[in-house]
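Just below is one structure, and these are the notes that go with it.
No experiment lies behind these values; they were computed from the predicted model shown.
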Amino acid sequence: MISEGAAIAIVYVVLAVCMCVAGAAAFMTYKLQGAQQAENAGDKGQQGSVDFWYSARGSQGWISLGLSFFASSMGAWVLFAAPEVGVYNGWWGTLGYALASALPFGFVAFLGPLIRRRFSDGFCLTDWVRQRFGRATQLYVAIISVFYMWVYLVAELISIGNLMVSTAGMDPLHALLPLSIFTLLYTTLAGLPASIWTDRLQGVIMIAFIVVAIIACFSDLRIASGKWENVATWSDKGFEALLTLVLAILGAELFNMGNWQRVYAAYDEAQLRKGCAFGAGLIFPTMMLFGIAGMLAEAQDQSRPVSTMSLKFLAFFDLLASQTGAIEGLVFALAVSMVASSVDSLQTGLVSVLSKDILQRDFTPKQTLAAGQVWLCLVNVTAIAVAWKGAKDPNVNTGVINLFLIADLLALSIAMPVFMGLGALVTQTGALAGCFSGLLVIMGFGWFEFGTFMAGLEMFTLMAFGNVMPAEVGLSASRTCILFFVLPVVTGAVAYV
């Protein structure tokens with residue numbers, strides 16, 4: 001445990017540093033790069049700055065992109081979800097989560113240049129979807145994407161709320177409000193450039209903090225003979241988890257508009273590909289280390305006369321229990337930095353869904369910026385309210401992985417119809433039909449297995465939340481793996497036909 005004063009101080013110091021970096025980004029945005037970009041385009045300097053606020057277009061090299069991909073992807077959920085997967089699914093689950101978290105950037109490296117060539121003045125994926133499939137499909141894809149990013153935002157806030165309760169014994173709002181307000185302020189100040197600039201700093205800090213925290217936790221273990229072998233297994237359930245996580249996270253991250261913003265922010269295609277490789281190269285070992293930490297914590301807990309680790313999602317913090325207050329404070333600072341980097345990227349990603357439409361309206365530059373800021377405020381208020389309740393509710397508290405899987409399921413249901421559009425075989429009607437067929441597949445799967453219409457609806461939660469309570473739900477259920485395999489096959493076939 002750390003003191004309440006130390007926890008508050010860490011939160012505000014980390015956020016103050018982010019604000020300073022964002023202030024520098026604002027200066028660069030409006031005084032230098034934005035005006036220069038507008039001059040080259042023959043527009044007014046102020047309007048050029050607005051475009052740069054939304055897109056950071058053509059401004060980032062591979063190191064900046066790689067650190068941004070890493071920092072924005074590695075939220076505080078990593079401290080909870082990756083160790084939990086390690087506890088329940090052993091080596092296959094740990095490897096699967098690491099691979100699943102890194103693999104999407106290989107696809108972004110390949111698909112990003114294609115989308116960028118076909119819609120060069122866009123802000124995110126939904127702009128190309130409108131050009132290729134029309135407004136109806138764009139709206140449907142935008143709704144799924146916004147829902148995924150909103151769930152991601154809620155999960156991040158729940159994670160830092162959990163941490164505030166478990167490490168300092170304080171109300172989650174003491175972390176939720178400052179994080180949301182400060183990130184909203186500095187993304188309002190300088191838009192996407194602020195997010196990318198702060199990601200650079202946060203990425204470097206996170207790497208250093210992760211190394212120190214992992215070394216400290218791994219150096220003071222007490223594991224009895226044979227207990228490690230009980231945990232570090234290669235089970236069938238673990239392999240199912242690997243397959244599920246790879247498909248789920250791949251489908252979802254392709255609709256994380258924060259990633260697509262960075263596609264347009266890259267200097268060129270070569271810088272984008274290098275940035276994706278660099279980001280994936282940082283993400284994979286990070287996820288592996290935290291998954292292994294979960295296995296070590298479980299082996300250590302099994303070595304005790306009486307188990308003390310009842311909540312497996314707190315496995316990493318069980319390792320921290322024997323560490324000094326300095327290490328606990330460092331991990332808390334790491335978590336705040338991780339949440340800030342993810343939240344600001346999600347906030348700018350949420351704005352990007354509306355960016356093209358906003359800029360096409362007959363608004364002044366100030367009105368254009370204000371429209372994006374109002375949208376962000378609405379999203380943040382609802383996310384804070386849900387996260388505050390979630391951090392206090394054990395049913396939600398222990399289900400961060402399942403929250404992600406719900407959003408992942410919906411995102412995967414539209415992945416094949418949308419990206420098949422890069423070819424010429426899918427029509428506008430086919431793409432929309434393929435997307436909607438995903439909903440029928442999910443509902444039909446639950447209805448067929450459990451025999452009721454309501455069970456079909458509850459299948460959208462992978463049976464993790466609702467009245468029907470089978471023995472296995474979410475990631476632990478074999479049905480989840482089957483559904484994630486069937487979904488892209490059926491939706492792709494319907495879109496083609």
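- Partner Phe316 forms a side chain to side chain contact (heavy atoms under 4.5 Å, CB included) with one of Val78, Ile214, Leu289 and no other, that one being Ile214.
- Side-chain N/O atoms of Thr382 and Trp150 include a donor and acceptor closer than 3.5 Å.
- Atom CZ of Phe110 has 12 or fewer neighbouring heavy atoms from other residues, nucleotides or ligands inside a 6.0 Å radius.
- For an aromatic pair to be called close, the ring centres must be under 6.0 Å apart, and Phe317 with Phe80 satisfies this.
- Within the 4.5 Å cutoff, no side-chain heavy atoms of Leu350 are placed close to those of Met257.
- The minimum heavy-atom distance between Thr491 and Ser413, with the atom names listed, is CG2-O, 3.4 Å.
- Taking both residues in full, the closest heavy atoms of Tyr264 and Phe119 are given as OH-O, 2.7 Å, listed atom of the first, atom of the second, then distance.
- Relative orientation of the Tyr97 and Trp77 rings is tilted, given thresholds of 30° and 60° on the angle between their planes.
- The 12-atom threshold is not exceeded at CZ of Phe107, counting heavy atoms of other residues, nucleotides or ligands nearer than 6.0 Å.
- Counted within 6.0 Å of OH on Tyr496, heavy atoms from surrounding residues, nucleotides or ligands total 12 or fewer; the atom is thus considered open.
- When all heavy atoms of Gln60 and Arg200 are compared, the closest pair comes out as OE1-NH2, 2.9 Å.
- Note on ring orientation: taking the six-membered ring where Trp is involved, the planes of Phe69 and Phe105 are tilted (angle from 30° to 60°).
- Of the possible polar contacts, none joining the Ser342 side chain to the Ser73 backbone as a donor-acceptor pair under 3.5 Å is found.
- In this structure, the ring pair (Phe, Tyr, Trp, His ring centres under 6.0 Å) partners of Phe436, at least two apart in sequence or on a different chain, are Tyr140.
- Between Asn259 and Leu254 there is no side-chain heavy-atom pair separated by less than 4.5 Å.
- Between Thr480 atom OG1 and Leu243 atom CG the span is 12.5 Å, to the nearest 0.5 Å.
- The distance from the CE atom of Met19 to the OG1 atom of Thr198 is 11.0 Å, given to the nearest 0.5 Å.
- With rounding to the nearest 0.5 angstrom, the CG atom of Leu192 is 11.0 Å from the SG atom of Cys124.
- Within the 4.5 Å cutoff, side-chain heavy atoms of Val353 are placed close to those of Met149.
- Partners of Lys237 under the salt bridge (Lys or Arg N to Asp or Glu O under 4.0 Å) rule, at least two apart in sequence or in another chain, are Glu240, Glu472.
- Considering all non-hydrogen atoms of both residues, Ala387 and Leu176 come closest at C-CD1, 4.0 Å.
- Residues Thr348 and Gln261 bring a donor and an acceptor atom of their side chains to less than 3.5 Å of each other.
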Can Leu179 and Val343 be said to form a side-chain contact (heavy atoms from CB on, under 4.5 Å), step by step? CA-CA 8 Å; Leu179 269 161; Val343 168; 5.9 Å; no

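- Judged by distance alone, with hydrogens and angles left aside, the side-chain atoms of Ser120 form no donor-acceptor pair with the main-chain N or O of Arg116 at under 3.5 Å.
- Shown here for Phe70 and Leu282, the closest heavy-atom pair between the two residues is CD1-CB, 3.5 Å.
- Between the side chain of Arg262 and the backbone N or O of Gly258, at least one donor-acceptor pair lies under 3.5 Å.
- Contact annotation: the side chain of Phe484 approaches that of Leu409 to within less than 4.5 Å [non-hydrogen atoms, C-beta and beyond].
- Cation-pi geometry between Arg57 and Phe123 is met: under 6.0 angstrom from the ring centre, within 45 degrees of the axis.
- Within the 4.5 Å cutoff, side-chain heavy atoms of Leu296 are placed close to those of Phe218.
- Atom CD1 of Ile384 and atom CG of Leu157 lie 6.5 Å apart (nearest 0.5 Å).
- Atom CG of Leu412 is separated from atom CG of Leu483 by 8.5 Å, given to the nearest 0.5 angstrom.
- Here the closest heavy-atom approach between residue Phe290 and residue Ala82 is recorded as CB-CB, 3.8 Å.
- Between the side chains of Ser345 and Ser195, at least one donor N or O lies within less than 3.5 Å of an accepting N or O.
- Using modelled atom types, one side-chain atom of Ser341 and one backbone atom of Met338 make a donor-acceptor pair closer than 3.5 Å.
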Set out, in order, the CA-CA distance, both residues' side-chain angles and the distance that settles side-chain contact (heavy atoms from CB on, under 4.5 Å) for Trp128 and Leu125, then state yes or no. CA-CA 6 Å; Trp128 170 76; Leu125 179 68; 3.9 Å; yes

Start with the C-alpha distance between Phe313 and Val87, add both sets of side-chain angles, then the distance that settles side-chain contact (heavy atoms from CB on, under 4.5 Å), and finish with yes or no. CA-CA 9 Å; Phe313 74 98; Val87 169; over 6 Å; no

